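Reading through the structure tokens given below for one structure.
Here the structure is a predicted model, which means the values were calculated and not measured.
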Amino acid sequence: MENITPFIRPRPTFPKRAVITGGMPYGNKELHFAHFGGYMVHADTFARFLRDRIGEDNVIFVSGTDCFGSPAMESFRKLKAEGKINFETIEEFVAHNHEIQKQTYLDYEIEHNFFGASGVGAAKPVHEEMSKFFIERLYQNKSISLISSLQFFDNKYQTLLNGRQVIGKCPIDGCTSEKGYADECDCGHQYWPVELIDPVSTLSGERPTLVNISNWYFNLQDYSEPLKEWVNDLSKDKSTRPFMTKEITEFLKKPEIYVKRDLLTAIDKIKAELPEFEDITQNPKNPSVTLQFKSLVERERACKVLGEHQIRFRAGKTLVPFRLTGDISWGVPCPTLDNVSGQTFYVWPESLWAPISFTKAYLLSKGKPEGEWKKFWASRDSEVYQFIGEDNLYFYGPAQQAIWMRMNNRTDFDAQEGELQPTHIIPSKHVLYLNVKASSSGSFKPPMAKDLLDLYTAEELRMHFLGMNLGNNNVSFMPKPLNPNANQDEADVVLKEGSLLTNVYNRILRTLFYTIQNNFNGVVPVAQISSEVKEICKKAILDYESFMAQKKFHQVINCVDVFVRNISKFWANNIKSADNNEKLSTLIANTIEQVRIANVLLHPIAPKGTNNVAAYLGLNDNWHNWDYIFDDFYTFFENPNNHKLKVLKEREDFFVKHPRELAEIAKRNEEN
């Protein structure tokens, strides 16, 4: 059979090896819809694409349960006190949630190579060793400092409070978070405890006091200049999402404080107590003024003075020392450094290198040597793609990239072979629920991921969430059965993208295969594939590949949608003139070729249904391997000259509708 030369325009390049990570859900709860629709389905789709594109042995897709930290501790304490759980230990509680999370992802056809848990199972000892490796290397490279900082203390219960046992208002200017915890809000903004507005202890309901506690901090504030260069390079990459560089750049400004203009008189009275600052307010009509300080230390002195004089202020985004250790019992043990012992890791830093731990644990489970993980995380031949929610940009952006740089003992991001490479961050904007930002810890709760499978199939939901343009905009999830304001006469918007599979593609496949059964006794006729069809397929392949390389998943869905619908038009435009076996054979062959390409392009998106199609067609195992993407479909038959298909039953579907949907269709048919 004739092959086609694919190189009609420059094609994107892909690495020899790749790691794909998806943001880690906390171990205190089951998954809600955004854990799947906000980022994990995108990570899974890209991982599946890369397996097809560069070989499955060269791709590792990892994620896992974020076991440690105050969210798990506080949830366990509250649920235990309310008698809602019977677990004796927090480890049992987290392990239970981990298994539920793991199964839910499987139900959504998410195919991790390894979905681990930082605090239980095979990954736990690997993660403890990796954490030790990180902090000791950072210590050796003089990148961390022991800082005495203020921590909240409940006088009534005579105990230090963990991060989630304190709640107040986020001090970061412009933040709309409902939950400001001890040193970060639920939007991911970090600040000093002294900056939290109106703190309250969740144990006693009283205002806690602040006591000095010493912990290890990564000196993140020292690396603004190399981080600016890193962001500048990112902005030149067309695949970088514009909002990402904009948001990260905000953290690279000099330290600022925002004060209401009517408080300037009060500030003038205490100016002698304040460190030197500059009023950089640009708009004289602005109700607040911007005071900029030369260093973070000077800004913190100013915060303390303003707090003592009860002058309200908001802090601007800037780089602050990144806390590495804490004092809570439920955490990864930290090794003794400078005679400081008995500490555990703060949850955020250890969760940044947890994907490395998961990669290593996976490779060890496959019998690979101890250092094999470096081929994926510390090689110029490999890339790491990290899919996250927008709220976590600070951690995976400035914090992680600077930590990686200092692990290499470098002051720039030009990592060499054998050094930790900068990672590719793919953040998603917020996926809203009924036009509201829902939160498990807020008043408006999101639907749980497993409950949505009572309403839709996994592939319908995969198509819908991938079709959202979360790379650029916040988008609302509006499931008709859960929307009290839905117009019952209108279609369910969640089914829009999936109908391409359950309606259009199913009809094409049935029509094509019934025609082969009825006219050729189920044997695929041999005929020449036209140059026109080859060009159509080639364009779709190259468009799709380009969109995948840029992680523009809504464009991927649109590309496939147009291609599949055009197959239907191709058949309709040619079937009437196919009035003999030779013409019909040519039409069938050219249609199967387009179906085969559609199936390859849909494989990362709808794996179950496309595997059904491939099995019916009797394609060999290479059918979705991009090394053969430009070969015609006969290549994938054992005997192209006498290839017989399975018998297709009447109304058999390769992509199924949900039973709920089928019941509604049956009811409407009865009424009509």
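Considering only heavy atoms from C-beta on, Trp377 comes within 4.5 Å of Trp404 through its side chain. For the pair Glu206/Val200, no side-chain contact is recorded, criterion being any heavy-atom separation below 4.5 Å from C-beta on. Contact check for Asp327 versus Thr344: no side-chain heavy atoms found under the 4.5 Å cut-off. Between Gln343 and Asn215, the closest side-chain pair of non-hydrogen atoms falls below 4.5 Å. Counting heavy atoms from C-beta outward, Asn28 and Val94 have side chains that stay 4.5 Å or more apart. When side chains are defined from C-beta on, Asp338 does not count as touching Leu146, because their heavy atoms never get closer than 4.5 Å. Tyr362 is not listed as a side-chain neighbour of Phe61, based on a closest heavy-atom distance of 4.5 Å or more. Between Gln401 and Thr423 the shortest side-chain heavy-atom distance falls below 4.5 Å.
Using a 30° and 60° split on the angle between ring planes, Tyr139 and Trp216 fall in the perpendicular class, above 60°.
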Exercise for review: Give the intermediate values and the outcome of side chain to side chain donor-acceptor pair (under 3.5 Å) for residues His309 and Glu273.
Suggested key: CA-CA 11 Å; His309 288 275; Glu273 300 178 46; 3.1 Å; yes
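Taking the six-membered ring where the residue is Trp, the centroids of Phe553 and His42 are separated by under 6.0 Å. Residues Phe251 and Tyr394 bring their aromatic ring centres within 6.0 Å. In this structure, the ring of Tyr105 has its center less than 6.0 angstrom from the ring center of Phe115.
Salt bridge status for Asp391 with Lys429: absent, with no side-chain N to carboxylate O gap under 4.0 Å. Salt-bridge annotation for Glu370 and Lys360: present, with a side-chain N of the basic residue lying under 4.0 Å from a carboxylate O of the acidic one. Lys124 has a carboxylate O that lies under 4.0 Å from a charged side-chain N of Glu91, or vice versa, which qualifies the two as a salt bridge. The pair Glu250-Lys253 does not count as a salt bridge, with every side-chain nitrogen at least 4.0 angstrom from each carboxylate oxygen.
The local environment of CD in Gln416 is crowded, with over 12 non-hydrogen atoms from other residues, nucleotides or ligands closer than 6.0 Å. When the shell of 6.0 Å around CD of Glu308 is examined, it contains more than 12 heavy atoms from other residues, nucleotides or ligands.
Just one of Phe218, Tyr181, Phe395 meets the ring pair (Phe, Tyr, Trp, His ring centres under 6.0 Å) condition when paired with Trp348; it is Phe395. Results of the ring pair (Phe, Tyr, Trp, His ring centres under 6.0 Å) test with Trp353 over Phe133, Phe358, Trp373, Phe345 single out Phe345 as the only residue that passes.
Within the model, atoms NZ of Lys254 and CD of Glu256 stand 10.0 Å from one another, a figure rounded to the nearest 0.5 Å. Going from atom CG of Leu306 over to atom CD of Glu195 covers 10.5 Å, rounded to the nearest 0.5 Å. Here CZ of Phe134 is found 4.0 Å from CD1 of Ile356. Values are rounded to the nearest 0.5 Å. For the atom pair Ser143 OG and Leu220 CG, the distance stands at 11.0 Å (nearest 0.5 Å). Taken from OH in Tyr346 to SG in Cys334, the straight-line distance is 15.0 Å, to the nearest 0.5 Å. Distance check, rounded to the nearest 0.5 Å: CD1 of Ile426 to OG1 of Thr21 gives 8.0 Å.
Screening residues 397-422 for salt bridge (charged side-chain N to carboxylate O under 4.0 Å, His left out) gives Arg380-Asp414, Arg410-Asp412, Arg410-Glu419 as the qualifying pairs, with residues at least two apart or on separate chains. Residue pairs satisfying the salt bridge (charged side-chain N to carboxylate O under 4.0 Å, His left out) criterion with at least one member in residues 215-226, sequence neighbours excluded, are listed as follows: Glu225-Lys228.
Stacking of Lys551 on the aromatic ring of Tyr385 is not recorded, the 6.0 Å distance cut-off and the 45° axial limit not both being met. At least one cation-pi condition fails for Arg299 and Phe293: the charged atom is not both under 6.0 angstrom from the six-membered ring centre and inside a 45 degree cone around its axis.
Taking all atoms of both residues into account, the shortest heavy-atom contact from Asn219 to Lys142 is ND2-O, 4.2 Å. Pro255 approaches Ser295 most closely through the heavy-atom pair CG-C, 3.6 Å.
Residues passing the ring pair (Phe, Tyr, Trp, His ring centres under 6.0 Å) test with Phe68, sequence neighbours excluded: Trp330.
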